[in-house]
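Numbered from 1 within each chain, the chains take letters A, B, ... in sequence-line order.
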Amino acid sequence: MSQQRKALWEADLDEDLQDVDLNLAIGTYGQNGLYEDAQSRIDEATLLAVQQQMAQQAAFAQIPDVVKRFIAHFHQAVLDNNLAEITVAYESGWNRLTEKFYSKTEWPEAEVIAPLVNDDQIFLVLYRELYYRHVYSRLSPDIDDRFHSYENSCELFNYLLNSDGPVPLELPEQWLWDIIDEFIYQFQSFCVWRSKVKSKTEEELSLLADANQVWSSYSVLNVLYSLIQKSKINEHLVALQEGKSAEEIAEIVGEYGTRPLYKLLGYFSIIGLLRVHSLLGDFTLALKVMENVELNQKSPFTRVTACHVTTYYYVGFCYIMLRRYPDAIRAFVSILNFILRMRQYHTRSYQYDQINKTADRMYALFAICNALSPTRVDDNISNIVKERYGEQFSKMSRGEEGIPAFEELFLYACPKFISANPPPYDDADLLAAYVEDHPVEPAQRHLSLFLSEVRAQAPVPTLRSFLKLYTSLDAKKLAGFLDADEEEMVQQLMVMKQSSRSVSRVDEKGLLDGQMISTSDLDFVINDNMVHIAESTVGRRYAGWFIRNTEHAQRVLDTLRASPLPALQKPTGPSAEGGKDAAPVAPAAPAGGKKVAWGSTKAA
Amino acid sequence: MDGGQFEAMTSAATWASPPTRPPLIETLVSGVDRYNPSNVSILEDYLYHQIRSEEYDCLANLAILKLYQFNPDLYNPDVVINILIKALTSSPFPDFNLCISLLDERTAPAPSADEPDPLPQLLPLLTQLHALLHQCRFPAFWALYRSDNVEQLRDNYTVECVGFEDAVREVAVRAVKAAFTSIGSERLGTYLDLSKDDLKAYVEKLGWTLDASTGVVSIPPNPDNQIESTVVQENIQLPRTSSRNSSASDTRLISNVHLSRAHKSHRARSADVITCCIRCVN
């Protein structure tokens with residue numbers, strides 16, 4: 001694709017950077033009007049403006065030429081709606097230049113590079129989006145950065161939502177995802193930073209007291225819901241499920257929804273809502289907003305891997321909090337296999353690290369689910385879990401004593417929970433009380449709720465290990481083995497029964513739908529005082545072997561297909577050995593044998 | 001308490017959208033109007049309707065808590081306590097914890113300073129009651145519930161909640177009927193907090209039978225108290241794919257592997273699905 005084509009400014013990267021910049025736009029900037037008048041009526045304001053201008057010019061002069069060219073080129077690509085060029089600039093150019101020039105400092109401010117892009121406000125908003133994202137990911141954003149990145153996001157969404165009709169802008173899928181993803185990340189980051197009252201300076205305190213709308217939950221939800229409504233994405237998804245034709249869908253979604261930019265932003269906003277509601281602890285609503293999204297990779301609405309990973313992570317986590325472990329397990333297995341499969345294609349993606357980190361957290365969550373609802377599961381995944389979390393897993397399967405292991409994995413793998421409301425910055429007395437009596441952190445609150453669930457189930461593993469040994473047994477005798485009171489043990493048996501049942505999606509549409517299913521291979525029933533036990537066993541499993549070998553055969557076939565025909569190789573071979581050459585090719589070599597044959601020819 | 005009620009609890013669809021939910025509430029719960037603070041009184045009225053009429057709508061109640069979460073000045077402790085009381089009796093479903101999840105730490109003082117906020121005092125009790133129910137420790141639940149500690153909760157709140165004690169009994173009934181085929185009436189009595197004649201009437205209403213001579217109550221068969229040893233076999237569906245992209249189809253292959261029980265009847269399969277069952281003869 002376009003990645004292979006080197007862009008103009010990329011070629012320059014490794015060259016000597018001394019060549020003179022010829023961008024004429026700079027020459028005129030800063031001298032139009034304001035500077036000429038300066039001598040006649042200098043007042044304080046103009047002086048200030050001039051000084052600012054000069055500072056900007058100085059800053060501008062500092063920008064390496066290759067960066068200037070990159071920005072100009074980037075701008076042109078955006079103006080032309082040239083997706084291929086924008087993608088190259090966005091995915092590779094920006095990151096390469098960041099590594100080279102801005103790994104420890106900010107990119108030039110938007111005001112400074114404005115002359116390069118003819119003061120194009122739309123481009124500058126997009127530029128700032130990247131600028132602040134860089135600040136958040138590489139540097140430590142200060143309060144101004146946090147406020148300004150919020151303002152910039154508002155400006156961007158205002159432009160998209162409140163222009164006359166849909167805007168004629170096109171951006172790559174990945175960037176659109178990143179815009180929504182980053183918007184929520186910055187919101188979450190702000191909430192966490194905001195909740196730490198003690199470390200705030202006087203100035204920060206007074207700014208926070210006045211700015212309670214900045215990054216407020218309502219404003220964030222407002223953006224996401226507006227994008228969803230504007231793009232009619234829910235109607236779109238429903239129409240797709242009903243098998244409507246492209247024309248019918250176009251009619252339904254209207255002038256906004258037919259444009260890829262709005263359609264994708266709408267879809268990503270649904271995923272964004274899933275995430276925001278999860279962060280705020282509303283796991284039911286998080287799944288409810290997803291009711292029109294089909295969870296599979298069969299007919300993906302988007303090809304952005306990060307979006308799939310995020311979706312499954314939050315859906316899986318919400319299911320855990322809804323005590324629907326089989327559904328959580330299914331979500332994790334499905335996406336973790338997907339990630340394993342996709343690994344080979346994604347090693348170079350700049351998001352590879354992030355995806356890997358999320359995957360690792362999902363392995364931890366998978367271990368938690370499997371400990372709470374022991375079921376036979378996907379071998380691939382459970383082997384990796386054993387490798388990474390084997391120690392914790394065996395502790396978690398032991399009831400009460402495993403609680404620290406649950407705690408450790410939960411805190412590692414849970415979303416970064418936030419509080420919906422800021423500390424009372426606008427009221428000094430309340431704020432003092434708040435600092436004095438610091439409330440429990442959101443993550444700790446959710447942890448303790450989760451642990452209460454774990455604790456309720458704590459007797460189950462021990463009971464299970466005893467029941468496994470019998471087909472029927474007197475309750476009194478069982479209580480004796482357990483060294484427990486009979487009545488207490490009967491109550492624990494009821495808990496065990498409860499925990500072996502779960503609501504699970506069978507083939508319902510919405511993520512909240514489901515039916516009661518049995519999740520355990522060990523079942524029992526109490527007839528007055530006799531406990532009868534039945535165990536389900538698993539027959540030998542051939543499928544994994546079958547699938548692996550099918551895949552292997554497929555790969556062999558693909559390799560064979562992709563190989564050039566041996567006959568074509570002949571003319572290039574040394575003519576003197578022509579007679580010899582023909583010989584090794586002739587025998588029909590089995591899989592992979594072809595390559596060996598060539599190798600031996602050359603060696604000969 | 002009857003079969004229908006139990007059925008209702010087993011289907012998540014009716015939990016997410018109970019048939020008793022009026023259209024106005026449905027619009028609020030499913031739309032963006034749920035964020036509008038001025039709608040809080042509609043939802044609160046609906047909660048009190050649930051309290052009076054033995055109905056239950058978890059999502060509508062969560063919508064109230066959501067509004068309180070975003071608008072701390074709307075906070076009304078009585079409403080929160082009533083929501084928690086309703087959620088209490090949906091155990092073993094997680095409603096109670098889902099409600100607590102939305103109760104952010106409060107940063108503002110109680111709205112009316114002359115009347116102290118009852119929630120901080122009652123929340124630990126409610127949590128304790130929930131834990132007992134969730135752990136099927138029914139006799140302990142009744143003991144705590146009847147104790148002096150809980151007097152304020154009983155006198156001010158649960159007494160207003162029509163059918164609260166019966167709703168607790170239903171929690172016990174759900175647990176018992178899943179785990180037992182027959183149970184001693186004395187034991188059952190401690191779970192339901194009912195003695196002789198009341199117990200007899202209650203058991204009758206459930207359609208269970210009490211053997212007067214042995215004092216054993218038998219529970220009719222249901223999907224959970226009938227156990228069966230089964231051999232689980234693999235059931236793998238291979239979607240036929242014209243896609244040349246082998247990696248994508250492999251992913252699909254893997255993700256569709258699941259185990260199904262041998263005695264389950266298979267659903268009708270669509271024509272484009274090849275089913276590959278590898279049976280294991282034991």
Under 4.5 Å from a heavy atom of chain A, the part of B:Tyr191 involved: side chain

Decide if atom CZ of B:Arg21 counts as having more than 12 heavy atoms of other residues, nucleotides or ligands within a radius under 6.0 Å. yes

For chain A, find which of B:Leu98, B:Ile183, B:Val29, B:Leu65 contributes the most heavy-atom pairs closer than 4.5 angstrom. B:Leu98

Which atoms of A:Leu285 come close to chain B, meaning under 4.5 Å heavy atom to heavy atom: side chain ones, backbone ones, both, or neither? side chain

Is the backbone of B:Leu102 close enough, under 3.5 Å, to the side chain of B:Lys66 for a donor and an acceptor to pair up by distance? no

Based on non-hydrogen pairs under 4.5 Å, which of B:Ala175, B:Pro92, B:Ser17 is most in contact with chain A? B:Pro92

Max heavy-atom pairs within cutoff under 4.5 Å with chain B, candidates A:Leu512, A:Asn529, A:Asp427, goes to A:Leu512

Which answer fits A:Arg324, side chain, backbone, both or neither, if we ask what part of it has an atom under 4.5 Å from a heavy atom of chain B? side chain

Is A:Arg341 salt-bridged to A:Glu551, cutoff N-O under 4.0 Å? yes

Give the member of B:Cys58, B:Ala63, B:Ala140, B:Ser30 that has the highest number of heavy-atom pairs under 4.5 Å with chain A. B:Ser30

If you measure only the distance, is there a donor-acceptor pair under 3.5 Å linking the side chains of A:Ser504 and A:Arg330? yes

Segment of A:Leu221 engaging chain B (4.5 angstrom heavy-atom cut-off): side chain

Check the orientation of B:Tyr35 and A:Tyr218. Use parallel for under 30°, tilted for 30 to 60°, and perpendicular for over 60°. perpendicular

Please evaluate residues B:Asp224 and A:Arg501 with respect to the criterion salt bridge (Lys or Arg N to Asp or Glu O under 4.0 Å), reporting the C-alpha separation (whole Å), side-chain torsions for both, the decisive distance (0.1 Å), and the verdict. CA-CA 9 Å; B:Asp224 293 317; A:Arg501 298 289 184 274; 2.4 Å; yes

Of B:Leu210, B:Thr214, B:Asp211, the one forming a side-chain contact (heavy atoms from CB on, under 4.5 Å) with B:Ser185 is B:Leu210

From the list B:Ala16, B:Ser218, B:Ser229, the residue making the most non-hydrogen contacts under 4.5 Å with chain A is B:Ser229

Where does B:Val217 contact chain A at under 4.5 Å (heavy atoms): side chain, backbone, both or neither? neither

Part of A:Gln229 within contact of chain B (heavy atom distance under 4.5 Å): side chain

Tell me which of these, A:Gln457, A:Glu487, A:His446, has more heavy-atom pairs under 4.5 Å with chain B than the rest. A:Glu487

Partner set under salt bridge (Lys or Arg N to Asp or Glu O under 4.0 Å) for A:Glu488, not counting sequence neighbours: none

Residues, nucleotides or ligands: over 12 heavy atoms within 6.0 Å of A:Glu291 CD: yes

Can you tell me which portion of A:Glu535 sits under 4.5 Å from chain B's heavy atoms? Options are side chain, backbone, both or neither. backbone

Who passes ring pair (Phe, Tyr, Trp, His ring centres under 6.0 Å) against B:Phe180, sequence neighbours left out? none

Heavy-atom pairs under 4.5 Å with chain B - which of A:Thr471, A:Val490, A:Val289, A:Leu340 has more of them than the others? A:Val490

With a 4.5 Å cut-off on heavy-atom pairs, point out which of B:Cys136, B:Ala178, B:Ala131 contacts chain A the most. B:Cys136

